[in-house]
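One structure is given here, and the rest of the page talks about it.
Residue numbers begin at 1 in each chain, while the letters A, B, ... track the order of the sequences.
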2 protein chains.
Amino acid sequence: MIALKDSSASVVHVGVRRQCYYCPVRARAPCGGLRDTNSLERLDLAHTLPRRVAPGATVVAPGERAASTYTVLNGWVALIDTLKDGQMVIHHFALPGDVIPLELLGDQSTRSAVAVGEATVCAFTPASHQRLRREDGLYDARYQAAIARELHYAYDHFADIALASAAERVAKLLWGLSVRSLHRRPLASDLIPAPLNQIQIGLATGLTAVHVSRTLKQLREQNLITFEDHMIGIDNPRAVERFTGASADLMDMWM
Amino acid sequence: MIALKDSSASVVHVGVRRQCYYCPVRARAPCGGLRDTNSLERLDLAHTLPRRVAPGATVVAPGERAASTYTVLNGWVALIDTLKDGQMVIHHFALPGDVIPLELLGDQSTRSAVAVGEATVCAFTPASHQRLRREDGLYDARYQAAIARELHYAYDHFADIALASAAERVAKLLWGLSVRSLHRRPLASDLIPAPLNQIQIGLATGLTAVHVSRTLKQLREQNLITFEDHMIGIDNPRAVERFTGASADLMDMWM
DNA sequence: CGTCCGTTTGAGCTTAATCAACGGACGTGG
DNA sequence: CCACGTCCGTTGATTAAGCTCAAACGGACG
């Protein structure tokens, strides 16, 4: 197994050039419905070769200057905040097709992006990104939408942490990840691979790992959600939706 | 005293047209350093007449479609989230010169913008905003920066709520508001007007009003911060900075 | 075979919520 | 003018949610 520490050392170019055009997966995400071949080719030329990132390696290091505009092609990337005293928070998990909204941030930032499991990302250099946005109105609009989605997501996440109980927070997180991972409403029969561990669930929900363990047990016993062996199982989708307060309209955003 | 309930009824056009050019106050905010007269005039022509909003009246109602791009000219505007069960969170206080980042959000949103105290806002229509951004690269860059700042702020706020104690949260909020309000580091002698009450501090920090009261008492007794009669007093700036972990680089963002 | 990491479980403690009562400021209406 | 209700802030007593500390277990891996 590859276990490189340094992110630059873990750069590997993989051979999926042709099908990688900014947003390979998500139908409604930045590139959704990009049927115009010219646009596609312009995108393809503008971004860098896909880069493979080892588990735990940084895609963007903390304080790294606004390098490029990254997009996740495969795997999950966590957007992490590390405070002075070493405490950490996970703001967001970027799934395939998601933009990593870090090029917006200044260089004194404490945020970084780290691969959870193995991930592949591609990037636009600032210059090519600028040009692309100017020349391709469709691209620009989609990029704007992606940023808006990040802001929207950040607000949702904040409201959850401020108001919801531990069980609700964990359920919301796992439900949200399931929906975004499947691009549809999960079924009871689905087993959704999630390269997470309980520590990371804790960082994303503002809970300790110990309490996450207890909370997962509780969710399991209530036949809502199971999380074992890096797989999410939604035992009872309707009950989970009710429990988390997930609304149909909000779902649209993430599918 | 004016006490209009309906936001549309509270629309009053005030006569400060000339000096209102998107960002009348903040030096580093969207319009900072806009010395080019052409740009100024273009901005002036593009936005609507300033509108006065009564205390508690909505600037943008929940679910209101992405109407315009609002900028606060005077007073404070709270960005509020109202959940189904009626619980509320305040994500952010927009101060004079700040953009209200709601035109980014969809129409099924639960967020709204409400005047805290009396406020004045102006707006760009979507069309004129689009045109302005296309034609004025400087404006576009500043707008981008404003959005980035909102995202940045949302992440900071999240990290605070997830990790900090009640006293730290309240202190951070009041310190941040003071810095943004003064555009400089507060001095011990400053008394900063803040049209807030303890309930709103609670909504912004994820605490109950009762606990905010106790927390303020504690901060007062420790000679850190006083909050009385809608005035913030930073008793000991250095100690507050230490206590909240406010760093010099982060300050730059808000001054 | 030992070590390390992630998870589980228990016991006790801390923080902040909840419930409840009270007082002052302010506005309203008699 | 005073009586009343409402809103906001304060304080006390009690409760509950989640943290901390501690121990133990299993699997992965050297």
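In this structure the side chain of B:Asp98 never reaches within 4.5 angstrom of the side chain of B:Phe93, judged on heavy atoms.
Looking at heavy-atom distances under 4.0 Å, A:Val210 makes contact with a base. Counting non-hydrogen atoms under 4.0 angstrom, B:Thr215 reaches nothing in the nucleic acid. Using a 4.0 Å heavy-atom distance criterion, B:Gly202 is classed as making no nucleic acid contact.
With D:dG9, C:dT9, D:dG18 as the candidates, the nucleotide lying closest to the side chain of A:Lys217 is C:dT9. Comparing D:dT11, D:dC8, D:dG18 by their closest approach to the side chain of B:Ser213 singles out D:dT11.
Taking atom CD of B:Gln87 as the reference point, atom C1' of C:dT18 lies 13 Å away to the nearest angstrom. Taking atom NE2 of residue A:His211 and atom C1' of nucleotide D:dC21, one finds them 16 Å apart after rounding to whole Å. Put simply, CZ on B:Arg214 is 14 Å from P on C:dT15, counting in whole angstrom units. For B:Leu163 and D:dC19, the CG to P distance is 11 Å, given to the nearest whole Å. One can place CD of A:Glu228 at 15 Å from C1' of D:dG27, the figure rounded to the nearest angstrom. In this structure, CG of A:Leu207 is placed 10 Å from C1' of D:dA17, rounded to the nearest angstrom. Rounded to an integer number of Å, the gap from B:Gln198 CD to D:dT11 P is 10 Å. Spacing between atom CZ of B:Phe227 and atom C1' of D:dT10 amounts to 15 Å, rounded to whole angstrom units.
Taking the charged nitrogens against the carboxylate oxygens, B:Asp190 and B:Arg185 have no contact shorter than 4.0 Å, which rules out a salt bridge. Between B:Asp156 and A:Arg111 there is a salt bridge, with a side-chain nitrogen of the basic residue lying less than 4.0 Å from a carboxylate oxygen of the acidic one.
Of the side-chain N and O atoms in B:Thr208, none sit less than 4.0 angstrom from OP1 or OP2 of C:dA16.
Under the Watson-Crick or G-U wobble criterion, with both distances below 3.5 Å, C:dC26 is paired with D:dG5. Applying the Watson-Crick and G-U wobble criteria (two distances, each under 3.5 Å), D:dG30 pairs with C:dC1.
In this pair, B:His157 and B:Tyr153 present their aromatic rings tilted. The plane angle is within the 30 to 60° band.
In terms of modelled atom types and a separation under 3.5 Å, the side chain of B:His91 and the main chain of B:Leu79 share no donor-acceptor contact.
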